[in-house]
Number of protein chains: 2
Amino acid sequence: MNAPQKDVLPVSTDVVVFTMREDCLNVLLVPGDNRVNRRWRLPGGPVRHCEHLDQAAERNLQRDTGLSGVFLEQLYTFGAPERDLEQRIITVAYYALVSALSPSATKQMSTGAARLFPVSDLPTMLLDHDAIVGRAHCRLAAKLEYSTIALQFMPNRFPLSGLQRVYEAILGTALDKRNFRKRILALDCLEETPDFARNGRHRPARLYRIKTPGRVEIFK
Amino acid sequence: MNAPQKDVLPVSTDVVVFTMREDCLNVLLVPGDNRVNRRWRLPGGPVRHCEHLDQAAERNLQRDTGLSGVFLEQLYTFGAPERDLEQRIITVAYYALVSALSPSATKQMSTGAARLFPVSDLPTMLLDHDAIVGRAHCRLAAKLEYSTIALQFMPNRFPLSGLQRVYEAILGTALDKRNFRKRILALDCLEETPDFARNGRHRPARLYRIKTPGRVEIFK
DNA sequence: ACAAAAGTGTTTACCTTACACCCATGA
DNA sequence: TCATGGGTGTAAGGTAAACACTTTTGT
């Protein structure tokens, strides 16, 4: 039994960081630091005594992964008393969406201090972290239908086909190209740039930009 | 400063109990028991060390209001450090829907230990309880659109017009009678009973029954 | 020239909305 | 008989779904 610490509460935050890699939805995990349990876990940690929950989530995320300033939203609070072995810890789960990993996050990844896993191929995780990821994935998929949340995955400029691949990866289904483009453009949240992506040996794709970056619109 | 108690965590549950009264959406509040602050507050209290969050919500709800076995769903966790004056308390908010107040709840109400307030005319409440009620109301209104959650307000048998009034009270808008009936019956969650409500001096209303009571269907 | 992804409209089916009159009862 | 809420159908508009070929580039 660990003695309870003074500065922190028996409450922690855990963050499900989603990002796209190779057209697949990935989750960022960190290796368990616990002697008892060396399983992969979600980045997170205890809430300090004088700290907003959101701040705690951001701070612990930054410490564990180097990420900051990302889209972060509270998901659900998990508090089964049997979920932790050593002491009762209630965790307020968040999810985060990042378009590209920051340099410091990339560094953490190269040193093995963090690693991406496709949601379809997650390792065995600490405690109930699999349930947390599952719920986060559900929330994300649901929000695709009535918000512009998917834009959080996109870089400054991107082709519509890239956005479509994001939708398809999250929903797990193929979408019709024409209907998808119509629907997205009708939202009036993107604008054309004069530029094109000249990638492969095929016609270059028009690049679009988000009209109000950082803002997630809810409609309906 | 109160000394922290051993058996409980610095985490509480608060429950927004919604019920219909006189075609208005009401919230059940209890009088603040605190010497410092005698404002009305949401029923709730601390989470015990070995207790599920849901159990804590249910237990505290029963203690404060006599209600049990009601529809209860986690809403959001509020944890601004400045939200409480004496000590840092994080609260996991829930909302509950009840069709009619149970006898024990009615008793608590008659003794002044609990009282209903219309959401449109709430008193000044403890701490951030107004924000909690606001968020609960939003969630409830949103869920009307894609679930059968409103049925939780209804008694065993009820006329369709009664259900319509529930929708109207929650959404704050009038609905077309014919379209409403079509839409609800198309959900295939109600069945006719042979009975009618003979109330006023007008044609009696057909009574309906919920096919699978206690089950909230999510569609779309 | 060919492979590979980009880009583009129309038709159909379905769902949502608007809307007005008769019915059964109690007073 | 009259006031009150209960009960019913249809037409129009809008949204979502299905569907195939041409364009532009790199090799």
Side-chain angles (χ1 to χ4, degrees), chain A residues 20 22-24 141-142 144-148 150 154-155 157-169 171-209 217-220, chain B residues 20 22-24 141-142 144-148 150 154-155 157-169 171-209 217-220:
Chain A
M20 299 300 298
E22 291 166 13
D23 296 343
C24 286
L144 284 193
E145 310 289 342
Y146 63 92
S147 78
T148 58
M154 308 312 288
R157 298 178 311 155
F158 55 89
L160 288 184
S161 59
L163 184 58
Q164 182 172 345
R165 281 192 296 274
V166 169
Y167 274 74
E168 289 175 332
L171 296 173
T173 61
L175 300 174
D176 179 87
K177 198 197 326 183
R178 281 173 291 190
N179 292 336
F180 178 79
R181 297 169 75 93
K182 246 182 301 179
R183 180 178 136 205
I184 295 297
L185 293 176
L187 298 180
D188 195 38
C189 56
L190 297 183
E191 55 191 5
E192 285 190 359
T193 71
D195 304 321
F196 294 83
R198 289 174 246 84
N199 294 332
R201 48 177 188 175
H202 56 78
R203 177 171 173 176
R206 166 77 69 180
L207 295 178
Y208 288 80
R209 176 188 348 164
E217 311 274 354
I218 310 286
F219 32 83
K220 168 87 110 357
Chain B
M20 298 301 299
E22 290 165 15
D23 295 344
C24 287
L144 284 194
E145 310 289 343
Y146 63 91
S147 78
T148 57
M154 308 312 289
R157 297 179 312 156
F158 55 89
L160 289 184
S161 59
L163 184 58
Q164 181 172 347
R165 281 192 295 273
V166 169
Y167 273 74
E168 290 175 333
L171 296 174
T173 61
L175 299 174
D176 180 86
K177 197 198 326 183
R178 279 173 292 192
N179 293 336
F180 178 81
R181 298 169 75 94
K182 245 182 302 178
R183 179 179 137 204
I184 296 296
L185 293 175
L187 298 178
D188 194 37
C189 56
L190 298 183
E191 56 191 5
E192 285 189 359
T193 71
D195 304 321
F196 294 83
R198 289 173 248 81
N199 294 332
R201 48 179 186 173
H202 55 78
R203 177 171 172 178
R206 166 78 68 179
L207 296 177
Y208 288 81
R209 175 187 350 157
E217 311 274 356
I218 310 285
F219 32 83
K220 164 88 117 354

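Sequence lines set the chain letters: A, B, ... in the order given, protein chains first and strands last, and positions in each chain run from 1.
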First of B:G162 and B:N179 reached from the 5' end of DNA chain D, by closest nucleotide: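 Its nearest nucleotide being more 5', the pick is B:G162.
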
Worked check of side chain to side chain contact (heavy atoms under 4.5 Å, CB included) between B:E192 and B:Y208: CA-CA 5 Å; B:E192 285 189 359; B:Y208 288 81; 3.5 Å; yes

Distance-minimising heavy-atom pair for B:L175 and B:E168: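 Distance-wise, the nearest heavy atoms are N-OE2, 2.8 Å.
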
Please report, rounded to the nearest Å, how far the [atom2] atom of [N] is from the [atom1] atom of [X].
X      : N      : atom1 : atom2 : value
B:R165 : D:dG6  : CZ    : C1'   : 11 Å
B:D176 : D:dT10 : CG    : P     : 16 Å
B:F180 : C:dT16 : CZ    : C1'   : 15 Å
A:Y167 : D:dA16 : OH    : P     : 13 Å
A:R181 : D:dC19 : CZ    : C1'   : 16 Å
A:F196 : C:dA5  : CZ    : P     : 19 Å
A:L163 : C:dG7  : CG    : C1'   : 16 Å
B:I184 : D:dT8  : CD1   : P     : 15 Å

Heavy-atom neighbours of A:E22 CD exceed 12 at 6.0 Å: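 No - once you tally the heavy atoms of other residues, nucleotides and ligands closer than 6.0 Å, there are 12 at most.
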
Does the protein touch nucleotides 20-27 of chain D at the base, only the backbone, or not at all? Give it as B, S and - per nucleotide, heavy atoms under 4.0 Å. B--BBBBS

Verdict with supporting geometry, B:E217 and B:L187, side chain to side chain contact (heavy atoms under 4.5 Å, CB included): CA-CA 10 Å; B:E217 311 274 356; B:L187 298 178; over 6 Å; no

Ignoring hydrogens and geometry, is there a side-chain-to-backbone donor-acceptor pair from B:R206 to B:T193 under 3.5 Å?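 Such a contact is found between B:R206 side chain and B:T193 backbone.
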
So, is B:R206 close to the D:dG6 phosphate, meaning a side-chain N or O under 4.0 Å from OP1 or OP2?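 For D:dG6, OP1/OP2 do not have a side-chain N/O of B:R206 under 4.0 Å.
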
C:dA6 phosphate, OP1 or OP2: any side-chain N/O from A:S161 under 4.0 angstrom?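 Yes, within the criterion.
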
Considering only heavy atoms and no angle criterion, is a donor-acceptor pair shorter than 3.5 Å present between the side chain of A:K220 and the base of D:dT15?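 A donor-acceptor contact between them is absent.
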
Hey, which of A:R178, A:K177, A:R183 is the one that makes side-chain contact (heavy atoms from CB on, under 4.5 Å) with A:R181?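 Exactly one option meets the side-chain contact (heavy atoms from CB on, under 4.5 Å) with A:R181, and it is A:K177.
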
Starting from the C-alpha separation in whole Å, work towards a yes-or-no answer on side chain to side chain contact (heavy atoms under 4.5 Å, CB included) for A:L185 and A:L160. CA-CA 9 Å; A:L185 293 176; A:L160 288 184; 4.2 Å; yes

